[in-house]
Amino acid sequence: LGDVYKRQVMLAIPGMTCSTCPIIVKKALSKIEGVSEVEVTFETRDAAVTFDDAKTSVQKLTKATAEVGFPSSVKR
């Protein structure tokens, strides 16, 4: 029952150009309330984020990456 609100989204983050970028992005996303898992992949320039739909939203996730200098969008 606890996983009812769990969602996973893939974010495309084309602005990651160095090996420290994913660390910055992961830190920003991990700080958001409701985010339980973040996996940032530099090679594919994306992030898999597992979050609680009741506590946060995709908009908040993309806003967080933009605030640290890495605009992102949902990968379709």
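In this text, all values refer to a predicted model and were calculated from it rather than measured experimentally.
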S.K.: To the nearest 0.5 Å, what is the distance between OG1 (T44) and CE (M10)?
M.R.: 6.0 Å
S.K.: Of the non-hydrogen atoms in F42 and P22, which two are nearest, and what is the gap between them?
M.R.: CB-CG, 3.6 Å
S.K.: I'd like to check the side chain to side chain contact (heavy atoms under 4.5 Å, CB included) partners of A54; sequence neighbours left out, ordered by chain and number.
M.R.: Y5, D52
S.K.: Mind checking what makes salt bridge (charged side-chain N to carboxylate O under 4.0 Å, His left out) contact with K75, not counting sequence neighbours?
M.R.: D46
S.K.: Which pairs count as side chain to side chain donor-acceptor pair (under 3.5 Å) when at least one residue sits in residues 33-42, sequence neighbours excluded?
M.R.: none
S.K.: When the side chains of residues 11-21 are checked against the rest of the protein, which donor-acceptor pairs come out under 3.5 Å, sequence neighbours left out?
M.R.:
none

S.K.: Same cluster for V68 and V58 if Ile/Leu/Val/Met/Phe/Trp/Tyr side chains link at under 4.5 Å?
M.R.: yes
S.K.: Applying a strict under-4.5 Å side-chain criterion to I, L, V, M, F, W and Y, I'd like to know whether I23 and V40 cluster together.
M.R.: no
S.K.: Show me, pair by pair, the donor-acceptor contacts under 3.5 angstrom made by side chains of residues 24-32, not counting sequence neighbours?
M.R.:
from, atom 1, to, atom 2, distance (Å)
K26, NZ, V38, O, 3.4
S30, OG, K26, O, 2.7

S.K.: Holding to salt bridge (charged side-chain N to carboxylate O under 4.0 Å, His left out), I want the full list of residues that pass it with E67, two or more places apart in sequence or in another chain.
M.R.: K63
S.K.: Could you pull out the closest heavy-atom pair between T65 and S72, with the gap in Å?
M.R.: OG1-OG, 2.7 Å
